[in-house]
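For reference, the structure is listed below as structure tokens.
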Amino acid sequence: MNCAFKYPKSEKIELPDRVWPTKQLEKAPIWCSVDLRDGNQALINPMSVSEKVEFFKLLCKLGFKEIEVGFPSASQTEFEFIRKLIEDNLIPEDVTIQVICQCREHLLDRTFEAVKGAKKVIFHLYVSTSSLQREVVFEKSKEEMIAMTIEGTKQIRKFKEEFEGELILEYSPESFTGTELEFARDICNAVIETWDPGKDEKIIINLPETVEMTTPNIYADRIEWMGRNLNRRENLILSLHTHNDRGSGAAASELGILAGAQRVEGTLFGNGERTGNADILTIAYNLLSEGIDPLLNLDNIPEIIDVYERLTRMTVDDRHPYAGKLVFTAFSGSHQDAISKGIRAMSGRGDGIWRVPYLPIDPKDIGRAYETLVRINAQSGKGGIGFIMETEFGYKLPKGMVKEFSKIIQNIAETKGGEIQSEVIMEEFREQYLGKKYPYHFLKLQTNETHVEDDTIITSIELKFDYKNEEKNLVASGNGPLDAAMSAMRKQVGRNFKILDFTEHALGLGSTAQAAAYIHMLDADNGEITYGVGVSSNITRASIRAMFSAINRLLERR
């Protein structure tokens with residue numbers, strides 16, 4: 001593109017002894033939801049007070065202990081919402097609310113008025129410090145920006161002395177990623193020294209990627225550099241607030257944790273300005289996939305989606321990580337086959353360790369269901385058909401039969417286009433196999449066993465069936481009911497049928513479970529091969545029905 005010259009390269013951080021690339025994530029950070037502020041301000045229709053109360057209760061239920069509840073000096077609705085939380089005693093004992101405000105005296109006064117009576121508050125002070133904002137928006141020097149920030153910090157310190165509850169300071173050099181590192185250090189250190197935290201007191205230094213301007217590794221370098229150069233590190237909680245302008249907000253937060261950050265701000269599903277904030281749920285589920293407890297109650301993603309979509313009037317994309325309707329779904333035949341085999345193998349191992357191809361976590365752990373894992377369209381393969389037939393309907397089709405039946409379903413998919421629902425697949429299975437009752441329809445079987453020499457057992461049968469609406473009776477014998485019935489039907493049909501394979505299994509559990517039988521049959525006169533299926537509460541009847549199913553399918557091909 002001939003416009004590339006307009007965009008400068010990302011700043012390179014000189015940090016040759018950086019250590020974050022050699023680290024691994026070990027534990028969950030302190031989470032802070034900013035859905036009710038950063039997320040809410042980006043909605044086409046911001047939430048009402050009652051809607052914000054419901055959303056706040058959801059966040060508490062999910063286990064958030066720090067929740068940014070609004071910008072009370074900027075909106076009467078947010079002011080009223082915060083007062084309602086406090087006056088109606090809606091804030092749990094273990095939850096700290098957070099309010100945000102710019103470095104302006106009258107706005108700070110209004111914010112302090114909003115939080116009076118709260119037991120524990122994080123007072124989030126911010127000033128935009130990037131060179132672009134200083135030059136274009138504020139038209140102030142670095143020294144003037146520091147002086148303004150110090151005055152705001154002193155005002156909050158005065159509030160703290162009057163405040164009856166516990167008040168914690170959070171400071172953000174907004175647009176940190178567009179701010180010179182040395183200046184970011186200087187202005188943060190000025191805040192730290194002005195606040196003068198006590199021995200056991202913590203101050204939150206939040207380093208926001210207000211606009212994602214670099215690759216995640218550069219952000220991590222900046223976080224590690226700041227961690228090394230800020231004063232009183234033992235009194236600091238280093239916090240992150242990333243956005244998703246380049247599509248890597250979650251990655252930037254994860255690398256920022258490796259670089260020394262202890263806290264992460266973000267929103268559910270990444271709601272926020274432009275492309276949104278970092279998605280806390282994605283980061284949390286990523287931790288889960290690494291065997292780390294995210295310390296949030298996230299085992300019912302459908303419920304979270306329902307509340308979120310209803311209150312924000314936003315929608316969760318079908319491909320959204322972990323949450324989307326299609327993320328635990330496979331259309332590709334090779335993927336379907338691998339998932340099916342992986343789940344079978346895991347059941348066989350019995351060690352409880354999740355190792356299934358294409359599925360980083362067990363869908364059940366977040367409230368999803370297996371039946372949505374595999375979906376069928378024209379791109380699907382035999383693995384998917386077999387998986388659906390087994391997991392949704394209980395039929396463990398023989399490998400060769402899966403291949404045969406898959407061709408039937410794929411032909412339907414190619415003809416109709418789009419996705420083939422599992423109910424359609426089962427209906428086709430009934431029509432193609434269980435319902436093949438013409439021209440021969442099995443009715444009844446009577447057996448009698450006779451012992452002969454060498455403990456051999458000869459089975460005599462009387463086979464009753466319908467042939468083109470005419471009832472027939474045949475008698476035959478063999479080394480079992482199925483062998484005798486095959487002998488009778490070879491003579492009846494006049495074809496050299498041979499059974500190549502026979503398998504059966506129970507459909508369901510308990511004394512009322514039925515049996516499913518599968519017969520792989522060859523018509524030796526013309527080389528045609530097919531499968532038949534029979535189901536009955538009696539395994540012998542199931543096998544005879546499977547035989548009739550296969551015979552009818554072979555005759556249909558003629």
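No hydrogens, no waters, no symmetry mates; every other heavy atom, side chains included, goes into these values.
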Assess whether side-chain contact (heavy atoms from CB on, under 4.5 Å) is satisfied between Leu169 and Ile204, documenting all intermediate values.
-> CA-CA 6 Å; Leu169 177 65; Ile204 300 169; over 6 Å; no
Residues which pass side-chain contact (heavy atoms from CB on, under 4.5 Å) with Ile30, listed by chain and number, not counting sequence neighbours |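 Partners of Ile30 by the side-chain contact (heavy atoms from CB on, under 4.5 Å) criterion, ordered by chain and then number, come out as Glu66, Ile237, Arg263.
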Tell me, please, which residues at least two apart from Arg232 pass side-chain contact (heavy atoms from CB on, under 4.5 Å).
->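 Checked Arg232 against side-chain contact (heavy atoms from CB on, under 4.5 Å); matches are Ile192, Glu193, Asp196, Pro197, Glu234, Asn235.
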From CA spacing to verdict: ring-ring contact (aromatic ring centres under 6.0 Å, His included), Tyr126, Tyr171 | CA-CA 6 Å; Tyr126 79 96; Tyr171 173 68; 9.1 Å; no
Side chain [X], main chain [Y], donor-acceptor under 3.5 Å:
X: Arg349; Y: Gly352; value: no
X: Thr275; Y: Asn244; value: yes
X: Ser248; Y: Ala252; value: no
X: Arg222; Y: Phe176; value: yes
X: Arg368; Y: Tyr322; value: yes
X: Arg246; Y: Thr214; value: yes
X: Ser340; Y: Asp337; value: no

Ring pair (Phe, Tyr, Trp, His ring centres under 6.0 Å) contacts in which one or both residues fall within [range], not counting sequence neighbours:
range: residues 188-242; value: His241-His243
range: residues 33-58; value: none
range: residues 31-52; value: none

Under 3.5 Å side-chain donor-acceptor pair for [X] and [Y]:
X: Glu265; Y: Gln98; answer: yes
X: Asn217; Y: Trp20; answer: no
X: Asn206; Y: Ser239; answer: yes

Among residues at least two apart in sequence or on other chains, which ones pass side-chain hydrogen bond (donor to acceptor under 3.5 Å, both in side chains) with [X]?
X: Asn2; answer: none
X: Arg157; answer: none
X: Arg104; answer: none
X: Thr177; answer: none

Which atom pairs, one a donor and one an acceptor, fall under 3.5 Å between side chains of residues 109-118 and the rest of the protein, sequence neighbours left out?
{"from": "Asp109", "atom 1": "OD1", "to": "Gln155", "atom 2": "NE2", "distance (Å)": "2.9"}
{"from": "Arg110", "atom 1": "NH2", "to": "Gln76", "atom 2": "OE1", "distance (Å)": "2.8"}
{"from": "Thr111", "atom 1": "OG1", "to": "Leu107", "atom 2": "O", "distance (Å)": "2.8"}

May I ask you to check whether over 12 heavy atoms, not counting those of Lys65, lie within 6.0 Å of atom NZ?
->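 For Lys65, atom NZ is crowded (more than 12 foreign heavy atoms under 6.0 Å).
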Looking at [X] and [Y], what are the two nearest heavy atoms and their distance?
X: Ile388; Y: Ser422; answer: CG2-CB, 3.9 Å
X: Pro357; Y: Ile339; answer: O-CG1, 3.4 Å
X: Gly367; Y: Pro302; answer: O-CG, 3.5 Å
X: Ser175; Y: Gln133; answer: OG-NE2, 4.0 Å

Taking only Lys NZ, Arg NE, NH1 and NH2, and the carboxylate oxygens of Asp or Glu, determine whether Asp17 and Arg228 approach each other closer than 4.0 Å.
->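 Here Asp17 pairs with Arg228 in a salt bridge, since their nearest N and O are under 4.0 Å apart.
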Answer yes when Lys119 and Glu164 have at least one side-chain N-carboxylate O distance shorter than 4.0 Å, and no when they do not.
->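 Looking at Lys119 and Glu164, the cut-off is not met.
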With sequence neighbours left out, which residue pairs that include part of residues 34-53 fulfil the salt bridge (Lys or Arg N to Asp or Glu O under 4.0 Å) condition?
->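 Applying salt bridge (Lys or Arg N to Asp or Glu O under 4.0 Å) to every pair that reaches into residues 34-53, excluding sequence neighbours, yields Arg37-Glu68, Glu51-Arg313, Lys52-Glu78.
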Quick one: salt bridge (Lys or Arg N to Asp or Glu O under 4.0 Å) pairs with a partner in residues 200-212, sequence neighbours left out?
->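 Sorted pair list: Lys160-Glu201.
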Should [X] and [Y] count as side-chain neighbours, where that means a heavy-atom distance under 4.5 Å?
X: Asp365; Y: Asp299; value: no
X: Ile86; Y: Ile91; value: yes
X: Leu240; Y: Ile257; value: yes
X: Tyr285; Y: Pro321; value: no
X: Leu281; Y: Ile301; value: yes
X: Met226; Y: Arg185; value: yes
X: Glu54; Y: Leu311; value: yes
X: Glu80; Y: Arg83; value: no

In a check of side-chain contact (heavy atoms from CB on, under 4.5 Å) between Glu144 and each of Lys142, Met148, Lys140, which one passes?
->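 Only one option passes, and that is Lys140.
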Among Leu62, Asn277, Leu298, Thr312, whose side-chain contact (heavy atoms from CB on, under 4.5 Å) with Leu268 holds?
->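 Filter result, single survivor: Leu62.
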Give, for atom [atom1] of [X] and atom [atom2] of [Y], the distance between the pair rounded to the nearest 0.5 Å.
X: Asp88; Y: Leu90; atom1: CG; atom2: CG; value: 5.0 Å
X: Gln102; Y: Ser73; atom1: CD; atom2: OG; value: 7.0 Å
X: Asp245; Y: Glu273; atom1: CG; atom2: CD; value: 10.5 Å
X: Ile156; Y: Glu170; atom1: CD1; atom2: CD; value: 10.5 Å

May I have the step-by-step check of side-chain contact (heavy atoms from CB on, under 4.5 Å) for Leu125 and Leu108, ending in yes or no?
-> CA-CA 9 Å; Leu125 176 70; Leu108 291 169; 4.0 Å; yes
How far apart are the C-alpha atoms of Ile122 and Val99, what are their side-chain angles, what is the distance that settles it, and do they pass the side-chain contact (heavy atoms from CB on, under 4.5 Å) test?
-> CA-CA 6 Å; Ile122 296 171; Val99 288; over 6 Å; no
Verdict with reasoning, Asn231 to Asn189, per side-chain contact (heavy atoms from CB on, under 4.5 Å) = CA-CA 6 Å; Asn231 297 340; Asn189 279 337; 3.4 Å; yes
Do Arg134 and Phe183 meet the cation-pi criteria used here (NZ or CZ under 6.0 Å from the six-membered ring centre, within 45° of the axis)?
->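 Ring-cation test returns yes.
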Report the residue from Thr282, Asn286, Thr242 that forms a side chain to side chain donor-acceptor pair (under 3.5 Å) with Glu254.
->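 Per the side chain to side chain donor-acceptor pair (under 3.5 Å) rule, the option paired with Glu254 is Asn286, out of Thr282, Asn286, Thr242.
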